[in-house]
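Worksheet: the structure to be examined is printed underneath.
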Amino acid sequence: MKRWWWIGIGIMLVAALAIWGKIHQQSLVSPVRWQTSNPITSPRQTHAVQLSGSAGDKTKALSLPRGHLPHTDWYLPISSHAAITYVLHDGQARWLVNGHAVALRNAPTDPVGHLVFAPNGQELAWPVAQGVSLDRLHQPVRVIPQAIAAYFTPRNTLDYVSKSGKVVRVHSQFPSRALPATVRLGYHPFVRGGRFLVYDQAGQINLLSLSTGTHKPILSVRSSRWPELVDSISYNSHIALLLRRPSALPAYLLAVTSSHGVLWYRWKTGLKPQIGLSAGHLVINNLDASGQLVTLGKRNLHPLPQSTGLFSQSPKGVIFQSNRGFSLLSRIG
């Protein structure tokens with residue numbers, strides 16, 4: 001009887017050691033195995049950029065508008081008559097329009113990448129569980145069912161993407177366009193003035209012309225390594241993409257396309273990166289461990305003198321908070 005008892009204990013020990021070995025093996029996976037020599041599988045003409053010398057900039061101090069939230073730590077001026085102020089830690093938001101202060105009670109806790117606005121400052125939209133919430137000044141809040149992304153055109157009209165069954169449908173000023181439900185969209189899929197849509201299909205990033213319905217490949221990545229398209233933004237002839245590889249410490253890939261090829265940079269961070277535009281330049285945060293904002297030059301990335309957390313993308317450029325208050329990044333270089 002004792003012999004069987006010891007045999008049982010031995011079996012349990014062997015099983016425990018096997019489980020421990022498997023867990024230990026997984027914990028010893030090299031943290032850089034996600035770093036292939038080139039994360040872009042096509043096109044072949046790519047260039048890995050590096051953090052290089054610092055770039056100069058100029059900033060303009062901004063005063064918060066009358067009626068702003070006390071302890072505002074995120075500020076978005078939309079026009080001379082409209083702005084949004086936020087207290088990020090508890091999701092308080094206030095919409096200031098033509099001297100009126102409107103509390104946004106169901107606004108997203110994190111506005112970055114979620115809250116979009118009409119250029120006239122009189123309409124806002126953001127995703128909710130049921131679709132996209134549309135808030136028009138002096139009108140009841142409306143929810144667009146099944147919508148998953150929204151965009152206001154320069155003419156203040158709302159375009160959006162909806163998902164139903166096996167189809168993702170793009171509703172815009174152009175004819176309705178359909179895509180498979182398997183496609184992935186970033187925070188801001190509408191680019192180039194709302195005339196195009198950026199989407200990811202199993203690692204193939206494409207540009208859909210909403211006017212003609214034609215699809216143009218931008219670049220390809222290994223979908224197993226970079227499964228999430230986070231954001232996209234267009235400027236001049238460029239399209240900048242931000243992709244993510246989720247893990248305990250997420251990895252990010254910045255890729256910028258132009259007629260000359262693709263520039264890319266990858267890094268790991270536990271902070272949420274943003275891509276934005278200021279003075280015609282691409283600006284990125286949470287890329288450098290110093291906390292500095294970084295801008296993309298012709299062939300490399302350049303830290304700016306400014307350090308910030310989350311910034312807001314206003315029509316005039318990037319706006320951030322520092323110990324001196326809120327500032328507009330008005331010039332780079």
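All residue numbers refer to positions in the sequence shown, counting from 1.
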Side-chain heavy atoms of Tyr160 within contact of Val132, under 4.5 Å
no
Audit row: His281, Val318, side-chain contact (heavy atoms from CB on, under 4.5 Å) steps and yes/no
CA-CA 10 Å; His281 295 264; Val318 165; over 6 Å; no
His81 NE2: over 12 foreign heavy atoms closer than 6.0 Å:
no
Quick check: closest heavy atoms across Trp267 and Leu287, and the distance to 0.1 Å?
NE1-CA, 3.5 Å
To the nearest 0.5 Å, how far apart are OG in Ser327 and CG in Leu62?
6.5 Å
Measuring only between side-chain heavy atoms, which start at C-beta, is Ser162 closer than 4.5 Å to Ile144?
no
Given side-chain contact (heavy atoms from CB on, under 4.5 Å), test Ser322 with Gln306 step by step and report yes or no.
CA-CA 9 Å; Ser322 69; Gln306 317 304 327; over 6 Å; no
Between the main-chain N or O of Ser234 and the side-chain N or O of Arg192, is there a donor-acceptor pair closer than 3.5 Å?
no
Check against side-chain contact (heavy atoms from CB on, under 4.5 Å), Leu76 and Ile78:
CA-CA 6 Å; Leu76 172 65; Ile78 301 171; 4.2 Å; yes
Gap separating the OG atom of Ser42 from the CG atom of Leu219, nearest 0.5 angstrom
7.0 Å
Closest non-hydrogen contact found for Ile275 with Ala240 is CD1-O, 4.0 Å
Under the salt bridge (charged side-chain N to carboxylate O under 4.0 Å, His left out) test, which residues partner Asp73, sequence neighbours left out?
none
Rounded distance (nearest 0.5 Å) linking atom CG of Leu271 with atom CG of Leu310:
9.0 Å
Same hydrophobic cluster for Ile233 and Val294, using side-chain heavy-atom links shorter than 4.5 Å among ILVMFWY?
yes
To the closest 0.5 Å, what do you measure between CG (Leu96) and CZ (Arg66)?
11.5 Å
Report the residues that fulfil salt bridge (charged side-chain N to carboxylate O under 4.0 Å, His left out) with Arg244, sequence neighbours left out, ordered by chain and then residue number.
Glu228
Could you walk me through whether Leu329 and Leu304 pass the side-chain contact (heavy atoms from CB on, under 4.5 Å) check?
CA-CA 10 Å; Leu329 190 59; Leu304 297 170; 3.9 Å; yes
For the CD atom on Gln45, are there more than 12 heavy atoms of other groups (residues, nucleotides or ligands in this structure) within a distance under 6.0 Å?
no
Sequence neighbours excluded - salt bridge (Lys or Arg N to Asp or Glu O under 4.0 Å) pairs with any residue from residues 120-144:
Glu123-Arg136
Nearest heavy-atom approach of Val87 to Pro70 is CG2-O, 3.5 Å
Considering residues at least two apart in sequence or located in another chain, which fulfil the salt bridge (charged side-chain N to carboxylate O under 4.0 Å, His left out) criterion with Lys58?
none
Smallest separation among heavy atoms of Tyr265 and Val49, with atom names:
CD1-O, 3.2 Å
The reported gap from CD in Gln92 to NE2 in His71 (rounded to nearest 0.5 angstrom) is 9.0 Å
Please round to the nearest 0.5 Å and tell me the distance separating atom CG of Leu241 and atom CD1 of Ile218.
5.5 Å
Closest non-hydrogen contact found for Leu253 with Pro39 is CD1-CG, 3.8 Å
Distance-only, no hydrogens or angles: does the Asp200 side chain make a donor-acceptor pair with backbone N or O of Ile205 under 3.5 Å?
no
Considering only residues two or more places apart or on different chains, which pairs with a residue in residues 162-183 satisfy salt bridge (Lys or Arg N to Asp or Glu O under 4.0 Å)?
none
Parallel, tilted or perpendicular: which one describes the rings of Phe190 and Tyr151, with boundaries at 30° and 60°?
parallel
For atom CZ of Arg222, decide whether the heavy atoms of other residues, nucleotides or ligands shown that lie under 6.0 angstrom number more than 12.
yes
Side chains of Ile332 and Val283: does their closest heavy-atom pair fall under 4.5 Å?
yes
Hey, does Val141 have a side-chain heavy atom less than 4.5 Å from the side chain of Leu134?
no
Check: Pro227 main-chain N/O paired with Arg184 side-chain donor or acceptor under 3.5 Å:
yes
So which atom in Trp95 and which in Val97 form the shortest heavy-atom distance, rounded to 0.1 Å?
NE1-CG2, 3.0 Å
Pairs of donor and acceptor atoms involving the side chains of residues 105-120, under 3.5 Å and at least two apart or interchain, shall be tabulated with distances.
| residue | atom | partner | partner atom | Å |
| --- | --- | --- | --- | --- |
| Asp110 | OD1 | Val112 | N | 3.0 |
| Asp110 | OD2 | Lys272 | NZ | 2.6 |
| Asn120 | OD1 | Gln122 | N | 2.9 |

